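What follows is a set of notes on a single structure, which appears directly below.
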Amino acid sequence: MVKHLLTGKEFDRSAVERLFDLAASLKSGRGKPGAPKPLAEKSIGMIFAKSSTRTRVSFEVGIHELGGQPVFLDEGKTQMGRGESVPDTARVLSRYLHGIVIRTFEQKEVEGLAENGSIPVINALTNEFHPCQALTDLFTIYEKTGKFDGVKMTYLGDGASNMANSLMQVSKIAGIHFEICAPAEFRPDAAIMAEKLGTGTVNWSTDPANALRDADFIYTDVWVSMGFEKEAADRLRILKPYQLNWQRLAMAKPDVKVMHCLPAHRGEEITDDVMDSTHAIVFDEAENRLHVQKAIMMTLMGD
Ligand code: CP
Ligand code: NVA
């Protein structure tokens with residue numbers, strides 16, 4: 001029985017399928033009579049140490065729609081920001097709350113809350129992983145194609161990012177081919193690439209033309225993730241040849257779909273013409289965060 005979502009590996013292929021069935025029914029039943037309220041009388045803490053638009057709003061709205069009460073905590077304004085330990089915080093919050101959603105820098109903070117508390121913990125982004133986004137992206141791929149087998153997704157850009165890590169894991173679990181096209185300086189994590197998780201395959205390459213051939217989906221993310229601002233100048237220079245522009249789009253299948261977790265830095269990792277084209281499904285991905293996260297919370301925190 002899955003209790004936490006710390007990396008994304010907690011859900012195997014059949015658990016992912018159950019999660020997506022639930023997300024699809026929550027999506028079609030949203031706002032209709034009989035919509036489930038499994039978080040009634042429950043309060044879910046939302047600890048955020050980094051900025052957010054989509055994650056914060058979709059979790060707050062989702063908790064409300066499931067009948068619960070979101071309790072937003074700006075980490076810097078809590079006693080954690082003044083040095084109270086993660087284990088003590090976990091023990092205290094477990095006495096009040098029924099679950100925790102956390103966005104922070106260090107993965108070990110998320111894992112420390114889970115180890116020392118007694119309530120489910122959901123990783124809402126760390127430097128290493130962004131499982132809520134990656135699972136939502138898989139759901140969106142399934143919604144568009146009705147399958148995972150035979151699907152090729154090519155990721156262009158920072159292959160060492162939290163999104164690349166999480167997409168590697170969920171792609172293997174679901175069974176799609178995930179091609180990461182990134183320069184050597186931002187190559188994907190070798191240990192995550194080597195993990196045996198399912199039937200999907202992951203490959204790293206550096207030449208966009210080869211990587212994009214026959215791609216059904218192209219994915220990109222910002223070149224300067226939150227927490228890496230000091231490296232901005234080097235990152236922008238090294239990653240420039242990996243921009244998702246019209247020339248690169250034309251290297252993939254004619255009906256290729258373009259994905260981005262957002263926020264986009266238009267003119268850097270993606271150009272306006274691609275972002276605003278009919279190939280882009282980025283706002284469907286953003287909407288689906290709500291439905292998939294409701295399904296995650298129902299699975300982990302509902303009775
Ligand atoms: N994609 C995503 O997590 O967006 P936010 O940073 O706005 O939450
Ligand atoms: N890789 C990005 C994702 C933002 C949702 C970051 O960590 O800033």
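When a ligand or atom number is given, it counts from 1 through the structure's own listing order. Predicted, not measured: the structure shown is a model, and the values here were computed from it.
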Problem - All pairs passing salt bridge (charged side-chain N to carboxylate O under 4.0 Å, His left out) where residues 272-284 contributes a residue, at least two apart - result: Lys144-Asp284, Arg266-Asp272, Arg266-Asp276

Practice task
Before accepting this row, confirm whether a basic side-chain N of the pair Glu143/Lys27 lies closer than 4.0 Å to the acidic partner's carboxylate O.
Solution key: yes

Fill in the blank from the handout: Close residues (non-hydrogen atom under 4.0 angstrom from ligand 1) work out to Ser52, Thr53, Arg54, Thr55, Arg103, His130, Gln133, Cys261, Leu262, Arg289

Problem - Electrostatic pair Lys152-Glu179, nearest N-O below 4.0 angstrom - result: no

Handout entry: Under 4.5 Å side-chain linkage, directly or through intermediates, the cluster mates of Leu93
Key = Leu6, Ile47, Val71, Leu73, Met80, Val86, Val92, Tyr96, Leu97, Ile100, Ile102, Val110, Leu113, Ile119, Val121

Practice task
Fit a plane to each ring of Phe48 and Phe72, take the angle between them on a 0 to 90° scale, and name the class: parallel (under 30°), tilted (30 to 60°) or perpendicular (over 60°).
Solution key: tilted

Exercise for the section: Could you tell me whether the side chains of Asn127 and Gln107 share a donor-acceptor contact shorter than 3.5 Å? Expected result: no

Problem - Residues Asp216, Lys257: salt bridge by 4.0 Å N-O rule - result: no

Handout entry: Charged N-O contact under 4.0 Å between Glu60 and Arg56
Key = yes

Problem - Centroid-centroid under 6.0 Å between Phe139 and Phe20 rings - result: yes

Between the protein and ligand 2, which nitrogen or oxygen pairs come in under 3.5 Å, and how far apart is each?
| from | atom 1 | to | atom 2 | distance (Å) |
| --- | --- | --- | --- | --- |
| ligand 2 | 1 (N) | Asn162 | OD1 | 2.8 |
| ligand 2 | 1 (N) | Asp221 | OD2 | 2.6 |
| ligand 2 | 1 (N) | Ser225 | OG | 2.7 |
| ligand 2 | 7 (O) | Asn162 | ND2 | 2.8 |
| ligand 2 | 8 (O) | Met226 | N | 2.8 |

